[in-house]
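To start, the structure under review is shown below, and the notes come after it.
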Amino acid sequence: MTKPFNILYLSTEIVPYARTGGLALVAAALPRALRQLGDDVRVMLPRYGLIDPARHNLKRVIDRFPVPFESGVEYAGLWQAPDADLPIYFVEHDRFFGSRQGIYSFPDDGERFVFYSRASLEAARHLDWRPQVVHCNEWQTALVPNWLHTVYANDAFFAQTAVVYNIHNLAYQGIFGHRVLEIAGIAKYGFIAHPDVSTSLNEVVSMVGRGIIFADVIATVSPTYAREILTPEFGEGLDPLLRDRQNRLYGILNGIDTENYDPRTDPALTTCFDANNIHRRSSCKQQLQHNAGFEQNPDTPVISLTSRLNDHKGYDILSTVLEPLLRQVDAQWVIMGAGEQRYHDFLFDLQRRHPDRLRVHLTFDEHLARCLFAGSDIFLMPSHHEPCGLDQMIAMHYGAVPVVRATGGLADTVTDHRPPITGTGFTFDAYDGMALFAAVVRAVEAYRHPEIWAAIQQNAMTKDVSWRRPALAYHDLHRRAQSLKLTGRPG
Ligand code: GLC
């Protein structure tokens, strides 16, 4: 095996400490998988006020160290969770993090995350631990490669350090005014203009744009999304930058943590099972039907959805066909999630009119999510765009057959069932209600044929969705990034 690398992994969310979306799951699992391949991966997270220091037994490692900030310095502290099975550090700053309960959406998010990113680099110096690669995630950490090309360009400590910039969702760009450059200490280098990027972007600071321009390697979370973001439809205005750096852009499909999500041992399930005992799953379905107040009929397929209730997740098209589906297709629906009020109202009203067919839970509940993966027959994910998507993989692993729109990582993980080819689920292409309707009908039809259904379910459950392969790909990509930085060649 190759020489071990020190990898500094920066993420503003990681389970079990702070979570808003899929990034938190990835940031917990990928560093662990890379450590199993021999690298010294260390993770840094802001020490948010919502992280309970007693519960995680946090210990102070560095009392106080200076972090360049604006024209002076601010001081940070560094804490560690020594009991965690991964070296994880917490960057302390009372005003930016400690005294607040939330994670994002404060008016000074630019300052907060510039500080966290810069403090993470300085913390590595104070630990005297030189990273060969800084692995940055999302806009919050996207100035790191910009700094390595400017303020740290002649700093011996970071001379060998390359940056992999990981995009999880291009829709979140971190757009700020000029002031963020002053705070970051790079104002003298100015705005970066690109002739093909709209003027509005040339007059603001796009954190993601800077990540794309300066990273040694850009990674995103599925091969299809890596192609999609090169187009104006998915590029969120940054596709010209991405096209310029296309030879540095890689799409690596995420995995799921198959120890945490394991239907053989999951304590949330009424009955545990695996691909060799699929019949045992039926008691999870029964329980789900019972809890939902539905008739406990094994022949009626249960369709589930768990996602944020917004247009990105497909609620605009779903809302045009859900009522016809409830009326015309013999199935029971359990929908969980929170989001836009109009979709809460819409679902609540439908549930009132179809209580025997629809049950809604308008908050996110991890326990219920696991019961849906284990007990429903069909798992629906009609996203408009989906860089990777983890839930369809968890669903497959738990034997719920996915019905998805073929975009991004959904297209890369679900193969359409088209006889004579037995798929792992059902996909549709056009982003419209009728296409969604037809895909659900196809799945419900297949469900009526137990042998066909069992074959699809087997395919879904036995598909390798673990981190094993993706971790190997990132292991190689980190080496490629450093080689590109040091020699200009991929190695
Ligand atoms: C973002 C994307 C989602 C992806 C996740 C983890 O939340 O929207 O598709 O699965 O990041 O990479």
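All residue numbers in this chain count up from 1 along the given sequence. Every number for a ligand or one of its atoms is a count from 1 in the order of the listing.
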Which word best sums up how the rings of F234 and H385 line up, parallel for under 30°, tilted for 30 to 60°, or perpendicular for over 60°?
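Because their plane-to-plane angle is over 60°, the rings of F234 and H385 count as perpendicular.
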
Using the six-membered ring wherever Trp is involved, compare the ring planes of W453 and F426 and label them parallel, tilted or perpendicular (cut-offs 30° and 60°).
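The rings of W453 and F426 lie parallel, inter-plane angle below 30°.
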
Can you pull out the closest protein heavy atom to [atom]? Residue, atom name and distance to 0.1 Å, please.
atom                    : answer
atom 9 (O) of ligand 1  : E386 OE2, 2.6 Å
atom 11 (O) of ligand 1 : H168 CB, 3.4 Å
atom 7 (O) of ligand 1  : G22 N, 4.0 Å

Between M44 and Y9, is there a side-chain heavy-atom distance shorter than 4.5 Å?
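Not touching, per the 4.5 Å side-chain cut-off.
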
Using a plain distance cutoff, I'd like to know if [X] has any nitrogen or oxygen under 3.5 Å from a nitrogen or oxygen of ligand 1.
X    : value
K313 : no
G21  : no
V221 : no
R308 : no

Which of the ligand 1 atoms, numbered from 1, are nearer than 4.0 Å to a heavy atom of [X]:
X    : result
N169 : 8 (O)
P387 : 2 (C), 8 (O), 9 (O)
G389 : 3 (C), 4 (C), 9 (O), 10 (O)
V26  : 6 (C), 12 (O)

Salt bridge (Lys or Arg N to Asp or Glu O under 4.0 Å) between R100 and D108, worked out
CA-CA 12 Å; R100 312 182 193 196; D108 56 349; 2.7 Å; yes

For the side chain of S117 and the backbone of Q140, is there at least one donor-acceptor N/O pair under 3.5 Å apart?
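Answer holds: yes.
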
Does ligand 1 have a heavy atom under 4.0 Å from the side chain of N254, from its backbone, from both, or from neither?
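Side chain only; the backbone of N254 stays clear of ligand 1.
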
Quiz question: by atom type and distance under 3.5 Å, do the side chains of [X] and [Y] form a donor-acceptor pair?
X    : Y    : result
D311 : H384 : no
T141 : H135 : no
W467 : N254 : no

